[in-house]
Novice: 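Dropping the structure in here first, questions after.
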Amino acid sequence: MNTVLHEVARQVRQAPGAVAALDPASELSYGRLAARANAVADVLRERGARPGDVVGVALPRSADYVAVILGIWQAGAVFLPLDPALPPERLRFQQRQAGMSLLLDSVPCAEGTAELRTGDAEPERCAYVMFTSGSTGRPKAVLVSHASLHNCVRAVAELLGPGPDDRYAANQTFSFDIALLEMFVPLSHGGATLVTSEALQAAPERLVGWLERHRATVVHATPTAWRFLLPYLTPGREELQAVCGGEVLTARLAAELAGRAGRVWNFYGPTEVTVWCTAGLVTAQEPDPLPVGRPLAGYHVVLLDDAGERVPDGEQGEIHVGGLGVALGYGGAPELTAERFVDHPEHGRLYRTGDLGRLRPDGRLWFTGRRDRQVQLRGYRIELGEIECVAQEHPLVELAAAHVVDEGLLLFAQGDVTPRALRKHLAAHLPAYMIPSRIEVRGAFPLTPTKKIDRVALLASANR
């Protein structure tokens, strides 16, 4: 069987006394993790859970959360994370769209046997439902199989090389698919996952201190989140691997991270292809734009034009992803599934990402923007992401977000920069038609629960 549950069960048999998961208040060995997971599965079956049922989880962050997911998979059920920080109407929408059957809002007190049962987990069955962030549109329920998750865990492990001495920071919200890798890449290989609390997440200095005390060897974060953590990281931690993804990584940020970590990785992948599909090791010498690496094991990436033909290397096309990581589709949205998950006569089943990119002759991929963020203004085709990237090259700009408002360009900037200074910087690097007519500087940007820029909220706050 090729599922994450089977991989963790193997580690339970090999080292039941080893530390599997810990949080600021508790610690679970592999044996206790198995016992609690077994108890969760028993409770679910008592409540009538059947294979394929969707189980919503609304629990605070703790090491027990890992056991809950494993217990759901034991019962053959599907994990649906429900973020308590989201508005009630958003949560109700997610429950309806995912077809939720049961809700877990407490962890069973009883513990079962200390050998992890693998129960009804089957590779072809759905393992989890993960909603896209919805920061630029209506959220979609992505259905991912056990086989796809297992492939991604295995592929990431081949790069990062986890073992019994590795400890991964589980710092993402559980409604962000990266959290599954933070938990199950180490647990599939005998390592440990360090589950941070909400209190730690609210204080970057304390968060970094806790992770360093517990010898975290791998930390995933979006570039936005890394900017909060960076000032508190101890320089020269050669054992640390810093993993970036979810947003564009600039060369400047990568160079700063390189001074604090042994290795810096740039990963790329939409939720619909099971967390990540490409990855590359970043060197301090590389200029912008940084590549997002080569396809992970089990994946292939092709760039196609509007006619579905492959574009030559170096030319821009829409990024399509195929292979073992492609999701089952969207829950409750068959038409959208048919539109975005397509069968190509040459490349097989592909997911149309809506992202634009270029392939280098050496096989590395450049991400060049979004199809839906490419705008036409006064006869010019403009990539908003390019404006943001140039703005973030200014030494006093931390974040940037560009929008089209009232037939003009509006640029938000976070940092200690004046609009005049930023405009001068942009004019030195961009053509006149790409210079924003308005620049608004903010002390802080609103963020989504996944630590990305909340563009909807930011635009709503614009000075009118």
Side-chain angles (χ1 to χ4, degrees), residues 3-4 52-57 69 72-73 77-83 86 90-101 121 123-153 155-156 172-184 220 222 245-247 267-278 296 298-299 301 318-343 349-355 370-372 448-452:
T3 74
V4 167
D53 283 353
V54 177
V55 178
V57 180
I69 299 174
I72 290 171
W73 290 342
V78 181
F79 166 55
L80 169 65
L82 297 171
D83 189 344
L86 292 177
R90 175 73 167 262
L91 290 173
R92 285 191 289 270
F93 167 80
Q94 291 186 351
Q95 293 168 22
R96 291 193 305 270
Q97 193 72 7
M100 189 185 81
S101 302
E124 70 276 3
R125 283 181 176 158
C126 186
Y128 65 87
V129 181
M130 196 68 64
F131 278 82
T132 56
S133 66
S135 62
T136 58
R138 192 171 181 81
K140 300 179 288 292
V142 183
L143 313 178
V144 177
S145 72
H146 281 284
S148 292
L149 177 60
H150 180 266
N151 176 76
C152 189
V153 166
V156 171
Q172 308 297 325
T173 173
F174 292 126
S175 59
F176 197 7
D177 55 2
I178 297 175
L180 292 167
L181 296 187
E182 294 176 326
M183 290 182 275
F184 295 115
H220 290 75
T222 63
E247 296 175 312
F267 279 65
Y268 162 80
T271 302
E272 290 86 346
V273 299
T274 315
V275 196
W276 305 128
C277 61
T278 73
L296 295 171
Y299 289 90
V301 174
E318 182 178 356
I319 300 172
H320 290 64
V321 181
L324 299 175
V326 177
L328 299 170
Y330 295 117
E335 292 182 0
L336 184 59
T337 297
E339 176 189 334
R340 301 299 294 273
F341 295 85
V342 298
D343 290 315
R349 187 167 183 262
L350 299 173
Y351 172 66
R352 296 179 53 207
T353 67
D355 292 335
R370 287 281 305 169
R371 287 181 68 99
D372 54 16
T448 68
T450 58
K451 301 297 187 294
K452 298 179 183 179

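A quick note: this is a predicted structure, and the numbers were derived from the prediction, not measured.
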Novice: Minimum heavy-atom separation for Val326 to Val321, with atom names?
Specialist: CG2-O, 3.4 Å
Novice: On a heavy-atom basis, which atom in Leu82 and which in Gln95 lie closest, and how many Å separate them?
Specialist: CD1-NE2, 3.8 Å
Novice: Could you tell me which non-hydrogen atom of Gly99 sits nearest to which non-hydrogen atom of Val54, and how far apart they are?
Specialist: O-CB, 3.8 Å
Novice: To the nearest 0.5 Å, how far apart are CD in Gln97 and CG in Leu80?
Specialist: 11.0 Å
Novice: Evaluate the side-chain contact (heavy atoms from CB on, under 4.5 Å) criterion for residues Leu181 and Val153: first the C-alpha distance (whole Å), next the side-chain angles of each, then the deciding distance (0.1 Å), finally the verdict.
Specialist: CA-CA 6 Å; Leu181 296 187; Val153 166; 3.8 Å; yes
Novice: What I'd like to find out is whether the side chain of Ile72 reaches to under 4.5 Å of the side chain of Val57, using heavy atoms alone.
Specialist: yes
Novice: Pro123 versus Thr3: any side-chain heavy-atom pair under 4.5 Å?
Specialist: yes
Novice: Of all the heavy-atom pairs spanning Thr274 and Gly325, show the shortest one and how long it is.
Specialist: OG1-O, 2.6 Å
Novice: Output yes when a side-chain donor or acceptor of Thr173 lies under 3.5 Å from a complementary backbone atom of Phe176, and no otherwise.
Specialist: no
Novice: Run the side-chain contact (heavy atoms from CB on, under 4.5 Å) test on Trp276 and Leu296 for me, step by step, so that the C-alpha distance in whole Å, both residues' side-chain angles and the decisive distance to 0.1 Å come before the verdict.
Specialist: CA-CA 8 Å; Trp276 305 128; Leu296 295 171; 3.9 Å; yes
Novice: For Arg340 and Arg352, indicate whether the former's side chain and the latter's backbone hold a donor-acceptor pair under 3.5 Å.
Specialist: yes
Novice: Just how far is it from atom CD1 of Ile178 to atom CD of Gln172, taken to the nearest 0.5 Å?
Specialist: 5.0 Å
Novice: Are Val144 and Leu180 close enough, and set up right, to give a side-chain contact (heavy atoms from CB on, under 4.5 Å), and what steps lead you there?
Specialist: CA-CA 12 Å; Val144 177; Leu180 292 167; over 6 Å; no
Novice: If you look at every heavy atom in Gly298 and Asn151, which pair is closest and at what distance?
Specialist: CA-OD1, 3.7 Å
Novice: May I ask you to decide if Thr132's main-chain N or O and Thr271's side chain share a donor-acceptor pair within less than 3.5 Å?
Specialist: no
Novice: Walk me through it: do Thr278 and Val301 pass the test side-chain contact (heavy atoms from CB on, under 4.5 Å)?
Specialist: CA-CA 8 Å; Thr278 73; Val301 174; 3.9 Å; yes
Novice: With a 3.5 Å distance limit and no angle check, can you tell me whether Thr353 reaches the backbone of Ile319 through a side-chain donor-acceptor pair?
Specialist: yes
Novice: So how far is it from Ile69 CD1 to Tyr128 OH, rounded to the nearest 0.5 Å?
Specialist: 10.5 Å
Novice: Closest approach of Val156 and Phe267, non-hydrogen atoms and distance?
Specialist: CG2-CE2, 4.1 Å
Novice: Please table the atom pairs, donor to acceptor, closer than 3.5 Å between any side-chain atom in residues 327-336 and protein atoms at least two apart or in another chain.
Specialist:
| residue | atom | partner | partner atom | Å |
| --- | --- | --- | --- | --- |
| Tyr330 | OH | Glu272 | OE2 | 2.7 |
| Tyr330 | OH | Tyr351 | OH | 3.4 |

Novice: Taking atom CD of Glu339 and atom CZ of Phe341, what is their separation to the nearest 0.5 Å?
Specialist: 11.0 Å
Novice: Say whether, by atom type as modelled, one donor and one acceptor occur between the side chain of Tyr299 and the main chain of Ala155 under 3.5 angstrom.
Specialist: no
Novice: In Å, rounded to the nearest 0.5 Å, how long is the span from CZ of Phe184 to CH2 of Trp73?
Specialist: 4.0 Å
Novice: Between the side chains of Arg370 and Asp355, is the shortest nitrogen-to-carboxylate-oxygen separation below 4.0 Å, so that they form an ion pair?
Specialist: yes
Novice: To the nearest 0.5 Å, what is the distance between SG (Cys126) and CG (Leu149)?
Specialist: 10.5 Å
